[in-house]
K.L.:
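Handing you a structure now.
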Amino acid sequence: MAIDNGILISCADLQAVGGIREIFLTNLNNVDAVTFDSTTAGKHEISSVTTSVDWARFEFKNEVAAMTINGTKENGSTAYEVGLNFYLPHISGDKFHELMNLSYDPGACIVACVKLNSGKQFVIGLSERYAALGGSTPFHRNQTFANLSTIEGGSGSAYADDNGVTVTIMARQFDLPYEYTGTMSIDSSSASKGETT
């Protein structure tokens, strides 16, 4: 890949807001097809992800979720560690059940779609470069999926303490996160999971 263009910054770029608005997760074995648009000049995008199961929405405390990117080059190969962390307030058995699914489910190879407050969406845990191509469902064997990395938190000790956990998901991949320009089907029941009545 050669340098084919420069990068210009506009006034709108300098006014960009930070933070994450929404997080959607699915298992890698739910991904049936992915359309990468990186062959088009100037694009690093995914225009479509076809899944056999709707994406699950994971809500979080406002202004605490973040996506981090750390790229390092060793012996000519560049790898990117992409992290996603968010805070789940008010611990409960329902929430712990879903977190257990992220950590112990045999299909717990995770793909995340993160919608920023700027409106841009990015996919974590899918790589075109090392996609394990071939077969009818090639992405089931993709080796750049994300994993649950850490869960930290608890009840707190004082009334004013936070009651919740911070969840960190990490993917080691060989592409920077792809911007997602398509639509997705969201599990409508996921909006009520973990809520207290």
K.L.:
May I ask you to test the Val114-Gln121 pair for a side-chain heavy-atom distance under 4.5 Å?
P.N.:
no

K.L.:
Flag yes if more than 12 heavy atoms outside Arg172 fall under 6.0 Å of its CZ atom; otherwise flag no.
P.N.:
no

K.L.:
Evaluate the criterion side-chain hydrogen bond (donor to acceptor under 3.5 Å, both in side chains) for residue pair Thr168 and Thr150; output intermediate values, then yes/no.
P.N.:
CA-CA 5 Å; Thr168 302; Thr150 62; 3.3 Å; yes

K.L.:
When Val167 is tested against each of Leu84, Asn85, Ile23, Leu99 for side chain to side chain contact (heavy atoms under 4.5 Å, CB included), which residue passes?
P.N.:
Leu99

K.L.:
Do Asp32 and Val49 touch side chain to side chain, with heavy atoms closer than 4.5 Å?
P.N.:
no

K.L.:
Would you mind reporting whether Leu126 and Gln173 have side-chain heavy atoms less than 4.5 Å apart?
P.N.:
no

K.L.:
Does a side-chain heavy-atom distance below 4.5 Å link Trp55 with Cys113?
P.N.:
yes

K.L.:
Would you call Thr144 and Phe174 a side-chain contact if the rule is heavy atoms closer than 4.5 Å?
P.N.:
yes

K.L.:
Keeping Tyr180 on the side-chain end and Ser48 on the backbone end, is there a donor-acceptor pair under 3.5 Å?
P.N.:
no

K.L.:
Between Tyr178 and His44, how do the two ring planes meet: parallel, tilted or perpendicular, split at 30° and 60°?
P.N.:
parallel

K.L.:
Provide the closest heavy-atom pair for Gly154 versus Ile91 in the form atom of the first, atom of the second, distance.
P.N.:
C-CD1, 4.1 Å

K.L.:
Do you know the tightest heavy-atom contact between Asp37 and Lys43?
P.N.:
O-CB, 3.3 Å

K.L.:
Examine the side chains of Thr51 and Asn30 and answer whether a donor and an acceptor come within less than 3.5 Å of each other.
P.N.:
no

K.L.:
Mind checking whether Asp175 and Glu128 have side chains closer than 4.5 Å, heavy atoms only?
P.N.:
yes

K.L.:
Any non-hydrogen side-chain atom of Thr50 less than 4.5 Å from a side-chain atom of Val31?
P.N.:
no

K.L.:
From Asn101 CG over to Leu148 CG, what is the distance, rounded to the nearest 0.5 angstrom?
P.N.:
11.0 Å

K.L.:
Can you tell if the side chain of Val111 reaches within under 4.5 Å of the side chain of Val123, non-hydrogen atoms only?
P.N.:
yes

K.L.:
Could you tell me whether the side chain of Asn117 and the main chain of Gly18 form a donor-acceptor pair under 3.5 Å?
P.N.:
yes

